[in-house]
Structures are given as C-alpha cells and as structure tokens.
Amino acid sequence: MSPSGAPTLEADKLSITVLLGLYNGETYLRAQLDSIAAQTLPPTCILISDDGSTDGSLEIVEDFAVNWDGVVQVIEGPGQGFAANFLHLIRECAPCDMVAFSDQDDIWLPEKLAAQWARLAKADAAALHGSCTWITDENLNIRQVSVYRDVGPSFPHALVQNLAGANTLALNNAGLALAKGAAKDTTQIVAHDWWLYQLVLGLGGEVLYDRTPLVKYRQHSGNLMGQNTSLAAIAARAFEVFTGTYKDWMATNIAALEVMRDQLTPTAAAQLDMLREARKAPLMRRIKLMRALGVRKQGLVGQASLWAAILFGKI
C-alpha cells in the first residue's frame, strides 16, 4: 500500500490510473484485480475508494498489493452511495495520461487498456472512451454481447440516455482534468458514467465508442445496475418513467450541468435551455421542442419510452 496522497510514478512510464469504487465486494474482487494486473498495457496505479466495507474486501486488496508491481492506494469513501464514491475518486485522482473506471466484480479482457489508449492517444481534446461488453452469468459464462448503440454520441442523446457502461469507461489526460474541475463543485449525480458522457460532450470534448467488447460484465444478484437487454430490465425502465424516477434523474442531471454552465459550448447551452423549457411546457409546445432538440434513445423500446415520457410530462 502506498501512503495517503498522490502516488509517485516513474518519469519514463506511461501513467495510467484505475479508479475502483469498493463496497463489500469480496466475492469477485480478487478476480477483477487480477484481470487489471494482467493487462498487456498495465496501469501504474489502482486508486480504490472503500465506501465502508464490512466484509473481507480490504484484506483482499492488501494481499493483492503485496504481489503487484504497481501502486495500490486505498482512500476512505464518503459513504453516500456508488455515484458519490466515484465523484470522490475523480476528485482525489492525480493527473495522469489515462484513467479507467472499474467496478468490483467484472473481468477486463487483457487488451482493454491498450485498446483504449490507442484511441484516446489520438484525441485532440478531452475525450471519453467506452465499449460494448460481454454479458456473462456469475460464473463468467458468456450469454451475449451488450447492445451496440445505433444512436451515435451527441449532446442531445446524452441529455436523455447514457451511452456506455461505467465499467468500460476511460478518459485521457484532458478529459480527467475536465472531470476533476467539474467534480469540485458537483455534489449530486445520477451515475458517473452518464454524467461524464454529458460533461465531455457539453464542454466540447469527444466521445469514442467501440463495438468490440473489452469487459466481461458479470451479472449476479448484487449488481447495482444490471444489463438492459432482458425483458425484466426493459419493464423496469418503463416503470421508472411512469413512477417519475426518470424525471427525477433528468432534474439531477440538469442541475449538475448547470454547475458548469459557463463552460458549456454555446450549442450545448442552447440545447440544455431547450430541454429545460420543454420540461415545463404544455404538451404541444413540449413535443415541438423535443423534436427540435432531436433527441433519440437506443432501440425501438428506448425510443418508445422516451416519447411516453414526453407525452405524459415525465421528462
């Protein structure tokens, strides 16, 4: 374990930090850590925010750290849930060439970081990279590939739907700097993946998405956010619309973007204003504004749920 504070990295190394949010993850944690250590382009640091684990998670981390060449740093989480925990990690992360976000129960394919660096290194500005995943059962038996997004990255899309799962995301140096600047004054988000997608595009950055799966996304009873291709998951998301949960998410996202209002591109600021007006407008005006905004969700079911939210005033 390294002491508290930013890890010191060798000057001749590419600096890659993995941010891992931890909470009672002992069942699958070691396999996740081993897959990170087995990367063809290994990270130089794993920064772990433990959000109050009461199981053997920290002992697993300590045992892993003894036999790994990189820096393992554990910090205390805020104890306010997974979204706040990842915001905390972003705030505490030292500048580096690339940062990758990790859950505590997946498996990274060996080429994940190398593939992401190959894309992000070519970006001219702040950039976020995500990919498809292999959906597996709890024993890592592959069931299917996650849904490829037929709606390309755009700020209007980001306003209504996330693009890539958090367990696939990576940021270049400029993207991390952007996120750290925003995280200083942001207190509440729905999820860090959706927030980063909105933030990077809203502030003029680039979002890259690959169809090639880079992660085995383990599905088990403890998943906070399950994969969204099953009928049960589709029904759950429809339920979220009609109970007002989706509307609450929209309000939280808008408030988080307002924190960075002065740094939004003029186009993004205008689109955010259009969404804000549409949420309060009568039905016909609401429909007109949302059509002008050009919002779309992934797939027929997603698009249907979006228009149901629009028609019933649940955005």
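Since the model is a prediction, treat every value here as computed from it, not as a measurement.
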TODO: State whether the number of non-hydrogen atoms from other residues, nucleotides or ligands found under 6.0 Å of Glu111 atom CD is greater than 12.
DONE: yes
Leu89 and Gly21 have their tightest heavy-atom pair at CD1-N, 3.7 Å
Check for a donor-acceptor pair, side chain of Asp51 on one end and backbone N or O of Asn85 on the other, with a separation under 3.5 Å. no
Are the side chains of Leu311 and Leu283 in contact, using a 4.5 Å heavy-atom criterion?
yes
Contacts satisfying salt bridge (charged side-chain N to carboxylate O under 4.0 Å, His left out) that involve residues 291-310 (not counting sequence neighbours) are none
Residue pairs passing the side-chain hydrogen bond (donor to acceptor under 3.5 Å, both in side chains) test with at least one member in residues 302-315, sequence neighbours excluded, are none
Donor-acceptor pairs under 3.5 Å, side chain of residues 196-207 to any protein atom, not counting sequence neighbours: which ones?
| from | atom 1 | to | atom 2 | distance (Å) |
| --- | --- | --- | --- | --- |
| Tyr197 | OH | Ser154 | N | 3.4 |
| Tyr197 | OH | His157 | ND1 | 2.7 |
| Gln198 | NE2 | Ala158 | O | 2.8 |

**Report entry** Under 3.5 Å side-chain donor-acceptor pair for Thr265 and Thr267
**Finding:** no
Nearest heavy-atom contact between Ala31 and Arg218 is CB-NH2, 4.0 Å
Check: Is there a donor-acceptor pair under 3.5 Å between the side chain of Asp97 and the backbone N or O of Ser15?
Finding: yes
> Is any side-chain heavy atom of Thr168 closer than 4.5 Å to a side-chain heavy atom of Tyr217?
Replying inline: no
Answer yes or no: is there a side-chain heavy-atom contact under 4.5 Å between Phe101 and Leu171? yes
* Under 4.5 Å between any side-chain heavy atoms of His88 and Ile75, yes or no? -> yes
ask   = Trp249 versus Thr252: any side-chain heavy-atom pair under 4.5 Å?
value = no
Q.
Just so I know, are the side chains of Phe86 and Leu169 near enough to count as touching, which here means a heavy-atom distance under 4.5 Å?
A. no
Trp68 meets the ring pair (Phe, Tyr, Trp, His ring centres under 6.0 Å) criterion, sequence neighbours left out, with Phe64
So CG of Leu163 and OH of Tyr209: to nearest 0.5 Å the spacing works out to 6.0 Å
Lys180 side chain vs Arg91 backbone, donor-acceptor pair below 3.5 Å:
yes
Excluding Leu140, membership of its hydrophobic cluster (Ile, Leu, Val, Met, Phe, Trp, Tyr; side-chain heavy atoms within less than 4.5 Å) reads Ile107
Establish whether Tyr23 and Tyr28 are linked, either directly or via other cluster members, by ILVMFWY side-chain heavy-atom contacts under 4.5 Å.
no
Rounding to 0.5 Å, atoms CD1 (Ile315) and CG (Leu275) come to a distance of 6.0 Å
Give a yes or no on whether the backbone of Ile142 and the side-chain of Thr136 come within a donor-acceptor separation of less than 3.5 Å. no
For this session: Please check if Met290 and Leu300 belong to a single hydrophobic cluster, counting links between Ile, Leu, Val, Met, Phe, Trp and Tyr side chain heavy atoms closer than 4.5 Å.
Result: no
So CG of Asp103 and CG of Leu20: to nearest 0.5 Å the spacing works out to 7.5 Å
Residues pairing under salt bridge (charged side-chain N to carboxylate O under 4.0 Å, His left out) where one sits in residues 31-45, two or more places apart or in two chains, turn out to be Arg30-Asp34
**Message:** Would Asp105 and Thr27 count as a side chain to side chain contact (heavy atoms under 4.5 Å, CB included) here? Give the steps.
**Reply:** CA-CA 8 Å; Asp105 47 13; Thr27 304; over 6 Å; no
Report task. Without swapping roles, check the side chain of Lys112 against the backbone of Gln39 for a donor-acceptor pair under 3.5 Å. Result -> no
In short, ring-ring contact (aromatic ring centres under 6.0 Å, His included) pairs touching residues 263-299 with sequence neighbours left out are none
Show which side-chain atoms of residues 77-84 pair as donor or acceptor with protein atoms under 3.5 Å away, not counting sequence neighbours.
none

Is it true that atom OH of Tyr246 has more than 12 heavy atoms of other residues, nucleotides or ligands lying nearer than 6.0 Å? yes
Applying side chain to side chain contact (heavy atoms under 4.5 Å, CB included) to Ala281 and not counting sequence neighbours gives Arg285, Arg286, Leu289
| Does a side-chain heavy-atom distance below 4.5 Å link Ile254 with Arg279? | yes
Quick note, salt bridge (charged side-chain N to carboxylate O under 4.0 Å, His left out) partners involving residues 249-264, not counting sequence neighbours, are Glu258-Arg261, Glu258-Arg276, Arg261-Asp273
Checklist entry - Do any N or O atoms from the side chain of Asn24 and from the backbone of Thr54 form a donor-acceptor pair under 3.5 angstrom? => result yes
When every non-hydrogen atom of Trp108 is compared with those of Ser102, the smallest separation belongs to CZ2-CB, 3.5 Å
Hey, is the main chain of Gly25 close enough, under 3.5 Å, to the side chain of Ser57 for a donor-acceptor pair?
yes
Tightest non-hydrogen contact, residues Thr40 and Ala114, listed as OG1-CB, 3.6 Å
Between Trp134 and Val145, is a side chain to side chain contact (heavy atoms under 4.5 Å, CB included) present by the stated rule, with each step listed? CA-CA 5 Å; Trp134 288 115; Val145 68; 3.9 Å; yes
request  = List the steps, then state whether side chain to side chain contact (heavy atoms under 4.5 Å, CB included) holds for Gln73 with Glu92.
outcome  = CA-CA 11 Å; Gln73 181 185 358; Glu92 296 299 317; over 6 Å; no
Please check if the number of heavy atoms outside Phe242 that lie under 6.0 Å from its CZ is greater than 12. yes
Only residue of Asp50, Ile48, Ile46 satisfying side chain to side chain contact (heavy atoms under 4.5 Å, CB included) with Val61 is Ile48
For residues 184-195, the side-chain hydrogen bond (donor to acceptor under 3.5 Å, both in side chains) pairs (sequence neighbours left out) are Asn162-Asp193
Please test Ile90 against Val99 for side chain to side chain contact (heavy atoms under 4.5 Å, CB included), starting from the C-alpha separation and ending with a verdict. CA-CA 9 Å; Ile90 290 169; Val99 61; over 6 Å; no
Between the CG atom in Leu176 and the CG atom in Leu19, the distance rounded to the nearest 0.5 Å is 7.5 Å
Output for pair (Cys96 SG, Asn173 CG), nearest 0.5 Å, gives 7.0 Å
Distance col, row Leu272:CG vs Met274:CE, nearest 0.5 angstrom, shows 10.5 Å
Got a list of side-chain donor-acceptor pairs under 3.5 Å for residues 118-131, not counting sequence neighbours?
| from | atom 1 | to | atom 2 | distance (Å) |
| --- | --- | --- | --- | --- |
| Arg119 | NH1 | Asp210 | OD1 | 2.4 |
| Arg119 | NH1 | Asp210 | OD2 | 3.2 |
| His129 | ND1 | Gln116 | NE2 | 3.0 |
| His129 | NE2 | Asp210 | OD2 | 2.8 |

